[in-house]
Enquirer: 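Quick one: structure below, then a few questions.
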Protein chains: 2
Amino acid sequence: MMELTRKGEYAIRGIVYLAGKPIDKVCLLSDIAAAVDVPPTFLAKIFQQFSKMGLVKSFRGTGGGFMLGRAPENITLLEVVEAVEGQIIPNRCVVKPSDCGRSDYCNVHPVWKRVQGEVRGVLEGVTLKELSTGEPASKTN
Amino acid sequence: MMELTRKGEYAIRGIVYLAGKPIDKVCLLSDIAAAVDVPPTFLAKIFQQFSKMGLVKSFRGTGGGFMLGRAPENITLLEVVEAVEGQIIPNRCVVKPSDCGRSDYCNVHPVWKRVQGEVRGVLEGVTLKELSTGEPASKTN
DNA sequence: CACTAAAAAGACACTTTATATCCTTTTAGG
DNA sequence: CCTAAAAGGATATAAAGTGTCTTTTTAGTG
């Protein structure tokens, strides 16, 4: 339950790799894919999503590729995950309370809200900078 | 992402319903299913799992049915959820670190550990008693 | 004992989501 | 214009989720 998909895992690997490069370095998708051990065609889809969200910048044609859209210390893991997985929703009642069912109030609802808040909080507290260099993230564990 | 399945949602509805009844009251599966608006055949599977975990006691034959296995204040939401959904695993690397990939260390790993801890913590802090009567759970939100 | 009530167990069916891959199109440089 | 690279769209396969149905076991009752 509550498991990140391969897509999410690949997305993180790919963008963390980029975050470890100089900010203006343009990387080939094929190189990234090889480096982080992800199927290139799949990673392509993921980076297209990133590109739309502005998390990465893309360049087409000869000499093209990808670079990080912003400084790695300004991109949180939450953004990355939500960019490819959609919002973090522990239960659908969080987004559509009427689904809680027959009654218009449900005691479990606020619990899921809390779960959502905690998860988002953790992920929001981690930046790509930390993930690529590896300091404070591990101190919190 | 991170979404509870229907099974999990139904499981909670069903057992919270039981928790709202007198502790030794035996309820028919068909009645529970009707009360909480869940397909009876599906709920049957769920309660079989509960039964194996000791969360509910079952009685077969005429006059049979289900009752709560323990006092509702001694059953946490975490137990209920994990009984039917399995362990809460935000990423497979949490359970099998070698999946983190090529290197034997990964900076993201401890983050998922924290997520797991937070989610479990929230769910562990909520009992069926609270959910069926509706007090302290909402105060925390 | 036979009959009926109810849960347990197992097999099956259908739908949705996940996990890719392939092909064509667009964009840009040389 | 030829080549490099990403963008977009369609498709394929596998796995998980969501149920249903049938048969079996267990237990009470006339």
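In what follows, every chain begins at residue 1, and chains take the letters A, B, ... in the order their sequences are listed. Owing to the predicted nature of the structure, the values given are computational and were not obtained by experimental measurement.
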Enquirer: Output yes when at least one side-chain N/O atom of Tyr10(B) is less than 4.0 Å from OP1 or OP2 of dG19(D), else no.
Expert: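 Tyr10(B) to dG19(D) OP1/OP2: side-chain N or O found under 4.0 Å.
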Enquirer: Could you check whether any side-chain heavy atom of Glu82(B) comes within less than 4.5 Å of a side-chain heavy atom of Arg120(B), counting everything from C-beta outward?
Expert: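 Contact flag for Glu82(B)/Arg120(B) side chains = yes.
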Enquirer: Under the criterion side chain to side chain donor-acceptor pair (under 3.5 Å), which of Lys7(B), Arg6(B), Arg13(B) is the partner of Glu9(B)?
Expert: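 Answer to the side chain to side chain donor-acceptor pair (under 3.5 Å) test with Glu9(B) among Lys7(B), Arg6(B), Arg13(B): Arg13(B).
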Enquirer: Figure out the CZ/P separation between Arg92(B) and dA18(C), and round it to whole Å.
Expert: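 Atom-to-atom, Arg92(B) to dA18(C), this comes out as 13 Å.
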Enquirer: How would nucleotides 4-11 of chain C be written as a contact map, 5' to 3', with B for base contact, S for sugar-phosphate-only contact and - for no contact, using protein heavy atoms under 4.0 Å?
Expert: BBBSBBB-
Enquirer: In this structure, how many angstroms lie between the P atom of dA15(D) and the CZ atom of Arg6(A), rounded?
Expert: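 To the nearest whole Å, that distance equals 13 Å.
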Enquirer: Could you tell me whether Thr41(B) contacts a base, only the sugar-phosphate backbone, or nothing, with contacts defined as non-hydrogen atoms closer than 4.0 Å?
Expert: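 It contacts base atoms.
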Enquirer: Atom CD of Glu3(B) to atom C1' of dT18(D): distance rounded to whole Å?
Expert: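 Between C1' of dT18(D) and CD of Glu3(B): 14 Å.
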Enquirer: Which residues end up grouped with Leu28(B) if you chain together Ile, Leu, Val, Met, Phe, Trp and Tyr wherever their side-chain heavy atoms are less than 4.5 Å apart?
Expert: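 When side chains under 4.5 Å apart are linked, Leu28(B) ends up in no cluster with other residues.
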Enquirer: Could you check how far CG of Leu4(A) sits from P of dA18(C), rounded to whole Å?
Expert: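 For the pair Leu4(A) CG and dA18(C) P, the rounded distance is 11 Å.
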Enquirer: Applying the side chain to side chain contact (heavy atoms under 4.5 Å, CB included) criterion to Glu79(A), which one of Leu55(A), Thr127(A), Ile15(A) satisfies it?
Expert: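 One option only clears the test, and that one is Leu55(A).
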Enquirer: Roughly how many Å is it from CZ in Arg13(B) to P in dT18(D), rounded to a whole number?
Expert: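 Atom CZ in Arg13(B) sits about 12 Å away from atom P in dT18(D).
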Enquirer: Ile46(B) CD1 to dT20(D) P: how many Å, rounded?
Expert: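 The answer, rounded to whole Å, is 12 Å.
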Enquirer: Which is more 5' along DNA chain C, the nucleotide nearest Glu85(A) or the one nearest Pro39(A)? Just name the residue.
Expert: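 Whichever sits nearer the 5' end wins; that is Glu85(A).
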Enquirer: Flag the pair Glu3(B) and Arg92(A) as a salt bridge only when some basic side-chain nitrogen lies within less than 4.0 angstrom of an acidic carboxylate oxygen.
Expert: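 A salt bridge is present here (some side-chain N lies under 4.0 Å from a carboxylate O).
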Enquirer: Give the rounded distance in Å between these two atoms: CZ of Phe42(B) and C1' of dC14(C).
Expert: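 Going from Phe42(B) (CZ) to dC14(C) (C1'), I get 13 Å.
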Enquirer: Is any side-chain heavy atom of Lys52(B) closer than 4.5 Å to one of Gln48(B)?
Expert: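 The answer is no, as the side chains (C-beta and beyond) never meet within the 4.5 Å cut-off.
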Enquirer: Would you check if there is a donor-acceptor pair between the side chains of Glu130(A) and Asn107(B) at a distance under 3.5 Å?
Expert: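 No - no donor-acceptor pair under 3.5 Å links their side chains.
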Enquirer: Over how many whole Å does the gap from Leu43(A) atom CG to dT21(C) atom C1' extend?
Expert: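 Answer to the nearest Å: 14 Å.
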